[in-house]
*Asks:* 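Okay, handing you the structure first.
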Amino acid sequence: LAWWLRSYWAILIAMAAWIGLKVVLSYLLFPESKRKFVLSIDRARDLWNFGRFIAASSIVQVVLSQTDKIVLARALPLSELGLYVLAPNLAYIPATLTANYSARILYPKFSAAIREDPESLKSVYYSSGVVIRRLYMLLVGGSIACAPLIVEILYDDRYRGAAFYFQLLALASAFKLPVSIANDAFIALGKTQYVLHSNLFKAATLLGSGALLTLSIGPLGIVFALVVAEASSQLYSWLAIRRLGLIRWKWEFSLVGLTLLGYAAGFAVNEGGKGYLDAAGRRTIFGVQIGEKIYQDFKLVATSPGGHSSR
């Protein structure tokens with residue numbers, strides 16, 4: 001398609017064709033998979049009771065995801081807005097990599113635990129996906145510290161200002177996976193209202209802190225408010241998990257410690273090493289060095305009568 005059309009339509013058509021192919025194959029490859037419409041008031045009521053909070057929560061989430069861009073598009077000059085828009089592409093890489101992890105891996109485990117042994121949910125909640133959850137927090141912490149280095153390697157000098165936004169948004173992303181896992185546990189328990197409440201609490205925090213910080217420090221306040229809002233969502237999740245009798249505070253705070261550990265490890269990376277430019281001034285090599293410490297002892301002996309004042 002790309003060779004034939006030579007435009008972006010090749011991508012759009014290919015995406016639509018792939019979705020259509022999956023629908024057709026889902027009927028052809030799985031026996032007795034054909035659907036037919038049946039009117040059922042009881043099923044409709046069950047779907048409504050379960051999905052109404054999810055639908056409302058999704059609407060709130062969509063609004064939240066665009067609020068910063070809408071506000072900053074009016075408040076920042078175009079050049080500065082470009083730096084900000086670049087930052088989420090880098091800061092949210094850990095969140096993007098784990099976007100479907102909780103829903104596709106952990107949610108089925110939570111649901112199975114509730115069906116088979118509800119008392120085991122607390123154990124399953126904290127024993128599932130341990131490696132991924134810990135690596136996520138380490139990666140987020142490291143990305144906060146290494147943001148200037150990453151921007152320096154990937155982009156030229158014009159984009160250095162994106163590193164500050166990168167660091168703030170990376171800090172906000174530290175809460176995304178834990179909150180997502182908590183939300184999937186709420187859904188598995190049938191407590192879908194908690195998911196909506198979490199997003200409403202985040203929206204209220206973003207509105208309040210955004211207004212206060214914007215009045216205090218200007219448009220940059222909305223970026224700081226995003227961090228505060230994500231943290232408030234984590235706080236609500238902790239309170240809800242505690243209300244359900246699932247909380248393990250040592251585990252939760254150990255994840256915070258891993259984020260700090262990741263930051264410390266990233267902070268040890270030294271980007272102020274050396275590099276080389278070609279004749280046109282383009283970068284050809286950029287050196288990165290792991291910070292090192294060399295232990296040394298010094299011994300000073302003064303032998304003249306004047307001691308330290310001798311000349």
Side-chain angles (χ1 to χ4, degrees), residues 86-103 105-106 109 122-154 160 162-185 198 202 205 223-242 246-273 286-295:
L86 176 67
N89 297 330
L90 301 172
Y92 294 155
I93 286 177
T96 302
L97 292 174
T98 58
N100 296 318
Y101 175 73
S102 180
I105 304 298
L106 300 185
K109 290 186 177 183
K122 183 175 182 178
S123 175
V124 172
Y125 182 80
Y126 284 106
S127 64
S128 301
V130 172
V131 174
I132 297 296
R133 293 159 86 170
R134 288 174 173 171
L135 286 176
Y136 178 88
M137 304 308 287
L138 284 170
L139 182 59
V140 168
S143 68
I144 297 171
C146 291
L149 170 61
I150 295 171
V151 173
E152 189 77 21
I153 292 174
L154 295 179
R160 283 181 176 174
F164 178 69
Y165 298 120
F166 181 176
Q167 289 178 308
L168 287 178
L169 295 179
L171 178 58
S173 74
F175 307 106
K176 287 186 175 295
L177 181 61
V179 169
S180 175
I181 293 173
N183 286 342
D184 284 326
S198 176
K202 181 164 66 173
T205 304
V223 187
F224 283 99
L226 285 175
V227 181
V228 176
E230 292 291 349
S232 72
S233 182
Q234 176 68 84
L235 176 61
Y236 178 87
S237 295
W238 280 341
L239 295 176
I241 294 170
R242 180 178 179 273
L246 301 177
I247 196 70
R248 288 182 180 174
W249 289 112
K250 287 184 178 180
W251 167 268
E252 297 291 348
F253 287 120
S254 72
L255 293 182
V256 177
L258 285 174
T259 307
L260 296 175
L261 181 62
Y263 178 84
F267 192 73
V269 177
N270 174 27
E271 58 86 20
F286 185 84
V288 178
Q289 176 189 31
I290 300 302
E292 61 183 28
K293 303 295 181 184
I294 300 176
Y295 175 77

*Asks:* Would you mind reporting whether Leu90 and Leu154 have side-chain heavy atoms less than 4.5 Å apart?
*Replies:*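 They are in contact (side-chain heavy atoms under 4.5 Å apart), so the answer is yes.
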*Asks:* Is any side-chain heavy atom of Leu258 closer than 4.5 Å to a side-chain heavy atom of Leu255?
*Replies:*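 A side-chain contact exists here, since the closest heavy-atom pair is under 4.5 Å.
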*Asks:* Just wondering, do Leu138 and Thr259 contact through their side chains at under 4.5 Å, heavy atoms?
*Replies:*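 Of all side-chain heavy-atom pairs linking Leu138 with Thr259, none is under 4.5 Å.
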*Asks:* State, to 0.1 Å, how close Val130 and Trp251 come at their nearest heavy-atom pair, and which atoms those are.
*Replies:*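 So the two residues come closest at CG1-CH2, 3.7 Å.
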*Asks:* Just how far is it from atom OG of Ser254 to atom CH2 of Trp249, taken to the nearest 0.5 Å?
*Replies:*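 Reported to 0.5 Å precision, the distance equals 12.5 Å.
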*Asks:* For Arg248, look at atom CZ and say whether over 12 heavy atoms of other residues, nucleotides or ligands are found less than 6.0 Å away.
*Replies:*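 More than 12 within 6.0 Å, yes.
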*Asks:* Using a 4.5 Å cut-off on heavy atoms from C-beta on, say whether the side chain of Pro178 contacts that of Ser237.
*Replies:*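 Heavy-atom side-chain distance check fails, nothing below 4.5 Å.
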*Asks:* Find the distance between OH (Tyr101) and CD1 (Ile132) and round it off to the nearest 0.5 Å.
*Replies:*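 Reported to 0.5 Å precision, the distance equals 5.0 Å.
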*Asks:* With rounding to the nearest 0.5 angstrom, report the CG to CG distance, Leu106 to Asn100.
*Replies:*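 Reported value, rounded in 0.5 Å steps: 11.5 Å.
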*Asks:* Check Asp184 against Ala103 and note the closest heavy-atom contact, atom names and distance.
*Replies:*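 Nearest heavy atoms, Asp184 then Ala103: OD2-N, 3.3 Å.
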*Asks:* Validate the cation-pi geometry between Lys176 and Tyr92: distance from NZ or CZ to the six-membered ring centre under 6.0 Å, angle to the ring axis within 45°.
*Replies:*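 Pair Lys176/Tyr92 counts as cation-pi.
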*Asks:* Give a yes or no on whether the backbone of Phe175 and the side-chain of Glu230 come within a donor-acceptor separation of less than 3.5 Å.
*Replies:*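 Side chain of Glu230 to backbone of Phe175: no pair is present.
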*Asks:* Measure the CG-CZ distance between Leu261 and Arg134 for me, rounded to the nearest 0.5 Å.
*Replies:*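 Those atoms lie 12.0 Å apart.
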*Asks:* Using a 3.5 Å distance criterion without hydrogens, assess whether the side chain of Arg133 forms a donor-acceptor pair with backbone atoms of Leu177.
*Replies:*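 Pair absent, no side-chain N/O of Arg133 close to backbone of Leu177.
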*Asks:* Search all heavy atoms of Val151 against all heavy atoms of Ala162 and return the closest pair with its distance.
*Replies:*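 Minimum heavy-atom contact is CG2-C, 4.5 Å.
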*Asks:* Assess the side chains of Gln167 and Tyr263: does a donor N or O sit below 3.5 Å from an acceptor N or O?
*Replies:*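 No.
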*Asks:* Answer yes or no: is there a side-chain heavy-atom contact under 4.5 Å between Tyr125 and Lys109?
*Replies:*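 Result no, sub-4.5 Å side-chain heavy-atom pair not found.
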*Asks:* Can you name the nearest heavy-atom pair linking Val179 to Ser233, along with the distance?
*Replies:*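 Taking Val179 first and Ser233 second, the nearest heavy atoms are CG1-OG, 3.5 Å.
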*Asks:* Once you round to the nearest 0.5 Å, how far does CG of Leu171 lie from OG of Ser143?
*Replies:*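 Nearest 0.5 Å value for the CG-OG distance: 9.5 Å.
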*Asks:* Which value, rounded to the nearest 0.5 Å, describes the distance between Ile181 atom CD1 and Ile105 atom CD1?
*Replies:*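 The CD1 atom of Ile181 sits 11.5 Å away from the CD1 atom of Ile105.
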